[in-house]
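Okay, structure first, notes after.
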Amino acid sequence: MAPPAVLSIAGSDSGGGAGIQADLKAFARCGVHGMTAIAALTAQNTVGVTGVHAVPPEFIVEQVKTINEDIQIAAVKIGMLGTAATVRAVRTALELLDPATPVVIDPVMVSESGSVLLDDEARQAIVEELLPLATVITPNLPEARVLAGGEGDTAAWARGGDPSRDVEDLARALHALGPEAVVITGGHREEVVDVYFDGVHFHSLTGERHPDGAAHGSGCTHSSALAAHLALGFPPLEAARHARAIASEAVKHGLRDLGRGAGPVDALNIAVRGLTARQPGATTPSNPPQRT
Ligand SMILES: Nc1ncnc2c1ncn2[C@@H]1O[C@H](COP(=O)(O)OP(=O)(O)OP(=O)(O)O)[C@@H](O)[C@H]1O
Ligand SMILES: Cc1ncc(CO)c(N)n1
């Protein structure tokens with residue numbers, strides 16, 4: 001039987017650390033088939049983002065429509081969108097799907113390197129058009145502060161929003177915007193604790209902190225792993241626990257030395273697997289693929 005197929009609607013990170021590229025690695029890590037509708041292109045490396053190129057809204061819808069005509073979409077993860085026109089296209093695309101499809105929204109605003117990835121009109125459009133359709137939303141703490149209305153613009157992210165609101169207060173405010181559950185991720189806190197709120201109960205999702213890891217793409221990995229676990233049939237709280245553990249492990253194995261800036265997470269532990277393959281005596285494929 002084919003594994004569940006999970007769709008990421010998100011931006012491309014040309015450096016391979018975050019965005020669609022991280023999502024596909026997280027899907028593979030979780031044992032689901034990954035599919036993509038690319039919503040924006042970034043020219044990006046570990047140091048920063050030098051350019052963003054929007055995808056025509058009709059083509060975002062077409063990517064989702066074409067997948068949906070052929071393959072059963074078991075869950076959707078939504079990442080970087082960039083503009084309000086893109087947000088509206090994603091809303092149109094979601095309306096094509098079975099309404100029971102779980103939707104995880106990672107409201108990406110700023111890259112690890114500090115570049116703004118969402119304009120202010122788009123932030124408002126996410127609140128109005130997408131959050132009410134979400135099964136789970138996964139803002140980090142500064143994104144939660146901005147979405148909950150403590151600050152007027154996305155650039156406020158860099159200032160950390162309004163620090164006077166505690167995490168539970170923020171989770172309540174975000175839940176009131178319509179998602180079934182809220183996970184405020186903890187990568188930006190002293191203790192890396194993800195806070196889960198389903199409208200009734202709070203849960204603290206704890207685990208080790210890896211201060212020496214590499215965290216570019218941790219949020220993308222987390223939201224994709226969460227969507228994958230919903231597709232695999234886990235209830236949202238359990239899916240959030242697995243997602244925290246997988247993101248944390250990906251940070252621990254992160255490729256610190258890859259570039260000059262914030263190194264990417266490594267959900268597949270590629271570095272170690274590469275070393276293993278280069279060990280003397282390691283098995284080589286008996287039938288290597290032929291170049292044609
Ligand atoms: N240093 C760390 N050690 C362990 N787990 C971590 C660490 N940093 C982040 N995580 C985990 O990674 C997940 C993503 O959290 P984070 O708050 O870093 O997202 P983000 O800021 O959106 O990420 P991104 O860098 O992609 O923008 C969470 O489950 C968080 O607990
Ligand atoms: C494309 C893309 N999506 C998300 C993030 C957030 O890490 C990023 N830096 N780039």
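Since the structure is predicted, the reported quantities are computational estimates derived from the model, not experimental observations. Start at 1 and go down the list; that is how both ligands and their atoms are numbered.
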Ligand 1 atoms nearer than 4.0 angstrom to some heavy atom of V192 are 5 (N), 6 (C), 10 (N), 30 (C), 31 (O)
Going by the order shown, which atoms of ligand 1 are within less than 4.0 Å of some heavy atom of A247? 12 (O), 13 (C)
Atoms of ligand 1 under 4.0 Å from any heavy atom of G217, numbered from 1 in the order shown, are 25 (O), 26 (O)
Below 4.0 angstrom, N of the basic side chain to O of the carboxylate: do E249 and R29 qualify? yes
Quick one: which residue pairs count as a side-chain hydrogen bond (donor to acceptor under 3.5 Å, both in side chains) with a foot in residues 74-84, not counting sequence neighbours? D23-K77, K77-S223, T83-T86
Counting only heavy atoms closer than 4.0 Å, does ligand 1 sit against the backbone of E208, its side chain, both, or neither? backbone
Which of the numbered atoms in ligand 1 are under 4.0 angstrom from any heavy atom belonging to A215? 25 (O)
So if I count the atoms of ligand 1 from 1 in the order they appear, which ones are less than 4.0 Å from some heavy atom of G219? 14 (C), 19 (O), 20 (P), 22 (O), 23 (O), 24 (P), 26 (O)
Between ligand 1 and H216, is the shortest N or O to N or O distance under 3.5 Å? no
Using the test salt bridge (Lys or Arg N to Asp or Glu O under 4.0 Å), find all partners of R88 that sit at least two apart in sequence or belong to another chain. none
Could you pull out every donor-acceptor pair under 3.5 Å between side chains of residues 50-58 and any protein atom, sequence neighbours left out?
| residue | atom | partner | partner atom | Å |
| --- | --- | --- | --- | --- |
| T50 | OG1 | A43 | O | 3.4 |

Could you tell me how the ring of F202 sits relative to the ring of F197: parallel (under 30°), tilted (30 to 60°) or perpendicular (over 60°)? parallel
Testing V182, V127, I126, L130 one by one against L177 for a side-chain contact (heavy atoms from CB on, under 4.5 Å), which residue passes? V127
Side-chain donor/acceptor of N68 to backbone N/O of L96, under 3.5 Å: yes
Distance-only N or O hit between ligand 1 and D106, under 3.5 Å: no
Need the list: ligand 2 N/O atoms against protein N/O atoms, distance under 3.5 Å, rounded to one decimal.
| residue | atom | partner | partner atom | Å |
| --- | --- | --- | --- | --- |
| ligand 2 | 9 (N) | Q44 | OE1 | 2.8 |
| ligand 2 | 10 (N) | Q44 | NE2 | 3.2 |

Where does H222 meet ligand 1, judged by heavy-atom distances below 4.0 Å: at the side chain, the backbone, both, or neither? side chain
R241 bridged to E238 by N-O distance under 4.0 Å: yes
State, with a plain yes or no, whether a side-chain heavy atom of V108 is found less than 4.5 Å away from one of L118. no
When you measure from the heavy atoms of G213 to every atom of ligand 1, does any distance fall below 4.0 Å? no
Which residue from L226, V108, I246, V110 reaches closest to atom 27 (O) of ligand 1 through any of its heavy atoms? V110
N/O of D194 under 3.5 Å from N/O of ligand 1, yes or no? yes
Within 4.0 Å of some non-hydrogen atom of R209, the atoms of ligand 1 are 3 (N), 4 (C)
Could you walk me through whether T138 and D194 pass the side-chain contact (heavy atoms from CB on, under 4.5 Å) check? CA-CA 9 Å; T138 64; D194 294 356; over 6 Å; no
Pairs of nitrogen or oxygen atoms closer than 3.5 Å, one from V251 and one from ligand 1: do any exist? no
Judged by atom type as modelled, is there a donor-acceptor pair below 3.5 Å linking the side chain of Q21 to the main-chain atoms of D13? yes
Using side-chain contact (heavy atoms from CB on, under 4.5 Å), reason through S248 and V192 one step at a time and then give a plain yes or no. CA-CA 9 Å; S248 166; V192 183; over 6 Å; no
Please tell me if the side chains of P139 and L174 come closer than 4.5 Å, counting only heavy atoms from C-beta onward. yes
